[in-house]
Amino acid sequence: MERKHMNRTSGLAIVALGGLLAGSAFAQEELSVEDALEVVEANTLDDLLKNVEERRVVENQENIRRENEFRAQRDRQSQLLDQAKEDRRQERLRGERLDTQYRENERLIGELQDQYNQRLGKLRELFGVLQQVAGDTRSHFDESVVSLQYPGRGEWLGELAAKMGSATQLATIDEMEELWEHLQREATESGKVARFTAPVDQHDGDQVDTEVVRVGSFAVISEEGYLNYDWDLDRLVQLGRQPEAQFANTAENLFEADPGDLVSFAVDPTRGSLTRLLIQRATPAEMIGTPFGGIAAGHCYLPFCDGQGAYPGSVIIIVGIIGVLLAIERLITLTLVGGKVNRQRAQPEAPSEDNPLGRVIKVYDENREVDTETLELKLGEGILAEMPALTRNIAIIQVISIVAPLMGLLGTVIGMIETFQSITLFGAGDPKTMASGISTALMTTVLGLCVAIPTTLLHAIVNQRSRSIIHILDEQSAGIVAQHAEESGQAISEPEQA
């Protein structure tokens, strides 16, 4: 009996120990909830049983607390669900009301739009034209030099056009009157010449307030000449160079004119486009090339400078200058010699060494005692001695007048060769690729003719002057020979009579 009791007691102890261990594990899991649980050691089975019973009481209380919390949370969730269902029902009702109101608003908007269109009537076409005029006028004002005196017009017109572009805004009476005022001012200022001060961008990048003169809506000039109006930047810019003198002089005259003066002025109807093309056109010095074109441009100090005339043109110009200088020298010299010869011709009894006729007469004075044939030979020799000085460089002038057009033809051939080479390399689609060769061909021909024509005329004049002096020498020489022969014949006849 005692052994059975002990076995049963041991079994209960084991079961109690298992329950205690399970309870301990469960208690450890819930330690975060029950932070104050106390671990009590059991030394005997009774103590263990007591601890298990106490643990069971604690666990039962914890379970009851958890069940109460779960029921309370379930009740709260049920309340929230009921509230959400009620809110959904209210929102559905509100959505139905809003949908009904939306359809009603759509109907009212349609009615008001029809009423608006009916009342607007022909004014719609007016506002459409007004919007178009505002847009077109803005681009015109942006490019007009009148905007230099009246800035901000383009921005206002852009705002007006954008405003009328919307379907909900229309132009007011004041805005329409202001638009008319701007249009009237543009038309009025287009026929005026106004003087005012405006900032001008200089070549060095600085901006200087300069006194300028505006000619209608076509051009703006300063003391230096024409100015370019860059409407993208809305400012005046100095031109890289002024157009040719016949246009630049009119700008200078207009700037210096007093109010009320009537002066001629070259107007660019394209508002600067033709002026920019004119200043891009090559000047005569640039077309010729040569030392003059290079030195004028400030970048060439060699004997030959490249230009449209190229090297043949340079040679033609230099040769032409030499020919003209020689002709001028001959013309001056022969004119002076001719004057001295004419004076000597009027006074043959007083021969002078400073002219050819005087020296020929001097030869006669030195050979009065010789016979007629010898005297004739002496005078002929004297005339031949004077001829080199009278005909010096005349042949060179003639050669230059003949060679110049030939050199021009050479330049023409060279230019055509360059043209055909450009066509071979790049084709004939772009005329700019052939422009250089054609310019060389035409310019050298022009230069050759420009040299040949004056040198031919100068050669004819100089040659005629030389021949006239030589003719006088021959005439006077023949007269001297005839006079000497007559005097010799009288001297022979007088002894026979004696």
Side-chain angles (χ1 to χ4, degrees), residues 123 125-165 170-201 207-239 242-243 247-276 278:
L123 291 179
E125 182 178 355
L126 171 63
F127 288 119
V129 173
L130 191 64
Q131 179 184 2
Q132 181 180 359
V133 170
D136 295 342
T137 306
R138 179 186 181 182
S139 61
H140 176 76
F141 282 1
D142 289 339
E143 300 177 7
S144 176
V145 296
V146 180
S147 298
L148 292 171
Q149 284 184 276
Y150 304 97
R153 301 184 302 168
E155 290 78 3
W156 181 83
L157 287 173
E159 295 174 358
L160 179 61
K163 173 183 177 181
M164 290 187 296
L170 298 176
T172 63
I173 297 297
D174 294 336
E175 290 174 337
M176 287 188 283
E177 290 179 351
E178 187 174 356
L179 175 60
W180 169 252
E181 181 181 353
H182 285 309
L183 293 174
Q184 183 63 37
R185 179 182 290 112
E186 179 70 16
T188 304
E189 295 295 331
S190 297
K192 290 183 179 180
V193 177
R195 186 183 297 267
F196 59 96
T197 301
V200 179
D201 290 350
Q207 193 176 72
V208 180
D209 290 338
T210 308
E211 184 181 9
V212 299
V213 175
R214 175 182 57 80
V215 182
S217 60
F218 301 101
V220 179
I221 62 174
S222 66
E223 187 176 3
E224 287 77 15
Y226 287 90
L227 297 175
N228 179 35
Y229 174 56
D230 191 340
W231 59 272
D232 290 331
L233 303 176
D234 192 20
R235 63 181 62 179
L236 291 172
V237 182
Q238 273 191 336
L239 293 175
Q242 293 297 316
F247 303 120
N249 292 338
T250 62
E252 181 180 356
N253 296 335
L254 178 61
F255 188 84
E256 296 177 354
D258 296 327
D261 293 347
L262 183 62
V263 296
S264 299
F265 179 72
V267 175
D268 183 3
T270 62
R271 300 182 181 181
S273 298
L274 290 179
T275 304
R276 289 189 290 269
L278 284 176

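Keep in mind that this is a model prediction, so the values were computed, not measured.
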With sequence neighbours left out, the residues meeting side chain to side chain contact (heavy atoms under 4.5 Å, CB included) with T250 are Y226, F265, A266
Check side-chain hydrogen bond (donor to acceptor under 3.5 Å, both in side chains) between T137 and all other residues, then give those that pass, not counting sequence neighbours.
-> none
d(Y150 OH, H182 NE2) to nearest 0.5 Å is 11.5 Å
Between S190 and S217 the two heavy atoms that sit nearest each other are OG-OG, 3.6 Å
Scan D209, V220, V212, V237 and name whichever one has a side chain to side chain contact (heavy atoms under 4.5 Å, CB included) with V200.
-> V212
Partner residues of R138 under the side-chain hydrogen bond (donor to acceptor under 3.5 Å, both in side chains) criterion, sequence neighbours left out | none
Of the non-hydrogen atoms in S144 and Y229, which two are nearest, and what is the gap between them?
-> O-CE2, 3.5 Å
E178: partners by side-chain hydrogen bond (donor to acceptor under 3.5 Å, both in side chains), with sequence neighbours left out = none
The salt bridge (charged side-chain N to carboxylate O under 4.0 Å, His left out) partners of E181 (sequence neighbours excluded) come to R185
Distance-only donor-acceptor hits, side chain of residues 251-264, under 3.5 Å, sequence neighbours excluded:
| residue | atom | partner | partner atom | Å |
| --- | --- | --- | --- | --- |
| N253 | ND2 | N249 | O | 3.1 |
| D261 | OD2 | D258 | N | 2.9 |

Determine the minimum heavy-atom distance between S222 and T210, stating which atoms define it.
-> CB-CG2, 4.3 Å
Those residues at least two apart in sequence (or on a different chain) that pass side-chain hydrogen bond (donor to acceptor under 3.5 Å, both in side chains) with N228 are R276
Side chain to side chain contact (heavy atoms under 4.5 Å, CB included) partners for T188, two or more places apart | Q184, K192
With the side chain counted from C-beta on, respond yes when R235 and P199 share a heavy-atom pair under 4.5 Å apart, and no when they do not.
-> no
Nearest 0.5 Å, what's the CG-CD distance between L148 and E189?
-> 11.5 Å
Results of salt bridge (charged side-chain N to carboxylate O under 4.0 Å, His left out) for E223 - residues two or more places apart only = none
Validation row: D201, Q238 side chains within 4.5 angstrom (heavy atoms) | no
L236 CG to Q207 CD distance, which is reported to the nearest 0.5 Å = 9.5 Å
CA sep, side-chain torsions, deciding dist, call: L183, V133, side-chain contact (heavy atoms from CB on, under 4.5 Å) | CA-CA 10 Å; L183 293 174; V133 170; 4.2 Å; yes
With sequence neighbours left out, what residues match F218 under side chain to side chain contact (heavy atoms under 4.5 Å, CB included)?
-> V267
